[in-house]
Amino acid sequence: MAKTSQTKAQIQTILLNNLGNHSIIAAISSKVVKSSMAEQKSNPELTIKQVVLTEDNIPVSTFPDLVKPESLIAEPTKPDSMNKGTLVTQAVSQQSSKVIAKTSPKIVLATLNARFFHTSFGLRYLYANLKELQQYCEIKEFIIQTRALDIVEQILASKPDIVGFGVYIWNIVETTAVVNLLKVIAPEIKVVLGGPEVSYETEHQAIVACADYVLTGPADVSFYQLCKDIINKTPPDKKILSSKPVALEDIALPYEYYTDEDLKHRLLYVEASRGCPFKCEFCLSSLDKTSTPFELTVFLEQMEILYQRGARNFKFIDRTFNLNINTTMQIMQFFLDRMTDDLYLHFEVVPDHLPRKLKALLAQFPQGSLQFEIGIQTFNVEVQKNISRKQNNAKSKENLIWLKDNTNAHIHADLIFGLPGETFETFKDSFNQLYHCRPHEIQMGILKRLKGSPIIRHTEAFDLRFNPLPPFDILSTDRVSFTTMQRINRFARYWDMIGNSGRFKHALPHILSDEPFDDFMAITEWIFNKTGQIHKINLKKLFELISQAVEALFPEKHQLVIEKIEIDYKAAKLKSLFSGLNLYAVPQVATLSKNKALKRQQQHMS
């Protein structure tokens, strides 16, 4: 189910769910690991280290005639002490570390994540499937806040012959700058692009113009083959190459290439299935013909390896995790049997498909161990029909309420504004219905034009006007003006700060009525008119603004809300005293303490 948001970090998290984080260097197809758990456990040859690049630190390999001195073997670097803008993954032999010969090919797999916390599932898939070329390859993960010049410098430090970039909606601008600079400074380097953002409407993109090759489609094997062709000086004669689907059993899984530091400090992506049987047109997964599961025994073996290594945070990127209930039950039972205080599982589930036996199992999970992403998008039947979405609205609401009342799962439900046929009023109705289902969070996304998504077919019929710049969000439709779209954008931003943050969980229920959308829209417009800001509002100021807005808009609620705000404020553990907050929109009479202070000053002056 597609999700959208307004910050690049949120967009990355959301689109990793929708496009598949694995689809870097094109949408990578499903795979099954070739070696068993026992074989991996007994293989001491390969470990993965994260290292900071220096002049003395170059990729290592296994050439028998070129032994690397022990002094050049880098120790793992902790994230606290390293440049968080770059992570480098290198294959290191524990028995004999060697340097790569000067004539040997060197490959860098790179991408720009929205935040350090994210890991690139896709790069690890490509690395896992490079076969004999793996020893010449390293993974470099950057963040979009890093300067393009600095990224290029760190890539060039590895002296690569081939650089593969994963291109997404959240990093297309920054990656374009990096590729341009790289080709100016080192035009001899072959640049290969892939990922969902360059897999569709490829020919007319600026980043494609300065690259050497673009791989579209499932690229696990095709990236390996392209690298071989380049190295063997038999490169293809065209730039844009369409990858062919690969059988699941022919693709290696990447889980062993999560480092120990990844397990400790970063989000781990896993998947029990690939693809989606549903055809929701806003989502690239609608292009899939069906959902294909991995062989369950192999998948659970991989999860056991990660678990034994210390992994406790598993984010499943399956489009429809609860599609096959028997498989879902086995996976859930696997983790329930290994429950610890710090185990956390993140799933995307279909809201209208929770049979009784699955409910019984979900109810056994303790507090803080489950998060469910539940795509609602809209409750309007006509809009659902326009986007080819099948959803039992009554059952979806029933299950949302059941989950909130009978499980400890954190419920994150999604709506999308700007869908074909949606109006301000129909969206308001969907929000109100969803609010009364009481999820912990309501993610209000704005429709985005994902290249290749079928939603594009509605452009003329519904006068869909999208931003020409990333993230290609909807600006207006035949039923929603640009002004209204801006109002909803501000609503979504404030809702994220106030409703979704959990910081106002005591006050908010007493602020909103049976028509929560209207109430919160009034608060949105009051705060925006007063501040002109939707970003960079510090938390202390936000407490003050909410109280002031309630006093101005709902004066009969103000005193009770102040009491509840005080509870929320103390829970936030800010340094300032609650008594020092300016909680009133109407100027108050000068306080007694101030008068006393003035009196003391006058006494000293007399």
Side-chain angles (χ1 to χ4, degrees), residues 1 3 12-24 28 30-33 37 40 48 113 115-125 128 141 253-274 291 293-325 327-350 358 361-362 364-374 403 407-412 440-441:
M1 309 302 166
K3 304 160 185 80
Q12 174 165 4
T13 302
I14 290 164
L15 292 183
L16 293 185
N17 291 341
N18 291 287
L19 306 178
N21 187 29
H22 45 272
S23 58
I24 210 159
I28 301 171
S30 301
K31 51 265 147 204
V32 173
V33 70
M37 178 173 67
Q40 289 190 32
I48 298 297
N113 296 320
R115 286 188 290 185
F116 170 81
F117 181 63
H118 297 295
T119 53
S120 177
F121 203 22
L123 293 190
R124 286 163 177 78
Y125 265 121
E141 296 180 80
L253 292 175
Y255 300 112
E256 64 184 289
Y257 304 113
Y258 281 128
T259 69
D260 291 341
E261 293 301 323
D262 289 336
L263 270 58
K264 292 178 183 178
H265 300 288
R266 307 178 77 202
L267 187 62
L268 303 186
Y269 298 99
V270 302
E271 56 183 351
S273 65
R274 182 71 60 80
S291 176
F294 294 109
E295 202 285 311
L296 186 58
T297 301
V298 172
F299 174 76
L300 292 179
E301 285 177 350
Q302 294 297 305
M303 296 304 98
E304 176 68 16
I305 293 172
L306 285 176
Y307 184 88
Q308 293 300 331
R309 290 178 58 198
R312 293 296 183 269
N313 192 334
F314 296 82
K315 182 176 176 63
F316 282 71
I317 63 171
D318 304 56
R319 302 285 69 73
T320 49
F321 179 72
N322 58 327
L323 186 65
N324 184 321
I325 295 301
T327 298
T328 303
M329 296 278 292
Q330 291 183 66
I331 293 172
M332 299 298 285
Q333 189 65 56
F334 171 88
F335 285 107
L336 187 60
D337 291 343
R338 291 158 178 78
M339 184 56 59
T340 59
D341 291 342
D342 55 350
L343 182 61
Y344 191 75
L345 309 171
H346 189 139
F347 300 103
E348 185 172 349
V349 300
V350 182
L358 179 57
L361 184 59
L362 296 179
Q364 299 178 47
F365 280 79
Q367 186 77 34
S369 61
L370 287 179
Q371 176 167 328
F372 290 146
E373 300 274 344
I374 299 179
L403 286 169
T407 75
N408 292 306
H410 182 87
I411 310 300
H412 178 120
H440 297 91
E441 297 183 48

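Keep in mind that the numbers below use all heavy atoms, side chains included, and drop hydrogens, waters and symmetry copies.
- Annotation: the span from Leu361 atom CG to Gln333 atom CD amounts to 5.5 Å, rounded to 0.5 Å.
- In plain terms, the two heavy atoms of Leu323 and Ser291 that are nearest each other are CD2-CB, 3.7 Å.
- Not counting sequence neighbours, the partners of Tyr255 by the ring pair (Phe, Tyr, Trp, His ring centres under 6.0 Å) test are Phe121.
- From Thr328, atom OG1 reaches atom CZ of Phe347 across 8.5 Å, with rounding to the nearest 0.5 Å.
- Between Glu141 and Arg124, at least one side-chain N (NZ, or NE/NH1/NH2) sits under 4.0 Å from a carboxylate O, which counts as a salt bridge.
- Here CZ of Phe316 is found 9.5 Å from OG of Ser273. Values are rounded to the nearest 0.5 Å.
- With sequence neighbours excluded, the residues forming a side chain to side chain donor-acceptor pair (under 3.5 Å) with Asp342 are Thr340, listed by chain and number.
- Atom CZ of Phe321 sits about 8.0 Å away from atom CG of Leu345, to the nearest 0.5 Å.
- When side chains are defined from C-beta on, Ile331 counts as touching Phe299, because their heavy atoms get closer than 4.5 Å.
- The side-chain heavy atoms of Leu370 and Thr407, taken from C-beta on, include no pair separated by under 4.5 Å.
- Minimum heavy-atom separation, Val350 to Asn322: N-OD1, 2.7 Å.
- With a 6.0 Å cutoff to the six-membered ring centre and a 45° limit on the axis angle, Arg312 does not count as a cation-pi contact of Tyr344.
- Tyr269 places a side-chain heavy atom less than 4.5 Å from the side chain of His118.
- Under the 3.5 Å distance criterion, with hydrogens and angles disregarded, no donor-acceptor pair is assigned to the side chains of Glu304 and Gln302.
- By the 4.5 Å heavy-atom criterion applied to side chains, Leu362 and Met332 are counted as neighbours.
- Just one residue in the list His412, Lys315, His410 forms a side-chain hydrogen bond (donor to acceptor under 3.5 Å, both in side chains) with His346, and that residue is Lys315.
- A donor-acceptor pair under 3.5 Å links the side-chain atoms of Asn324 to the main chain of Thr327, judged by distance alone.
- Closest of all the heavy-atom pairs between Asp318 and Ala272 is OD2-N, 2.9 Å.
- Heavy atoms only, all atoms of each residue included: Met339 and Leu343 are closest at CE-CD2, 3.9 Å.
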Set out, in order, the CA-CA distance, both residues' side-chain angles and the distance that settles side-chain contact (heavy atoms from CB on, under 4.5 Å) for Gln330 and Leu296, then state yes or no. CA-CA 9 Å; Gln330 291 183 66; Leu296 186 58; 3.2 Å; yes

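- In terms of heavy atoms, Arg338 sits closest to Tyr307 at O-OH, 2.6 Å.
- Taking CD of Glu261 as the reference point, atom OG1 of Thr119 lies at 13.5 Å (rounded to 0.5 Å).
- Ring pair Phe335/Phe314: centre-to-centre distance below 6.0 Å.
- Two residues are said to be in side-chain contact when any heavy atoms from C-beta on lie closer than 4.5 Å; Thr320 and Glu348 fail this criterion.
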Leu306/Val270 under side-chain contact (heavy atoms from CB on, under 4.5 Å): CA gap, chis, key distance, verdict: CA-CA 10 Å; Leu306 285 176; Val270 302; 4.2 Å; yes

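- With rounding to the nearest 0.5 angstrom, the CD atom of Glu301 is 11.0 Å from the CE atom of Met303.
- At a threshold of 4.5 Å between non-hydrogen side-chain atoms, the residues Leu336 and Phe365 count as touching.
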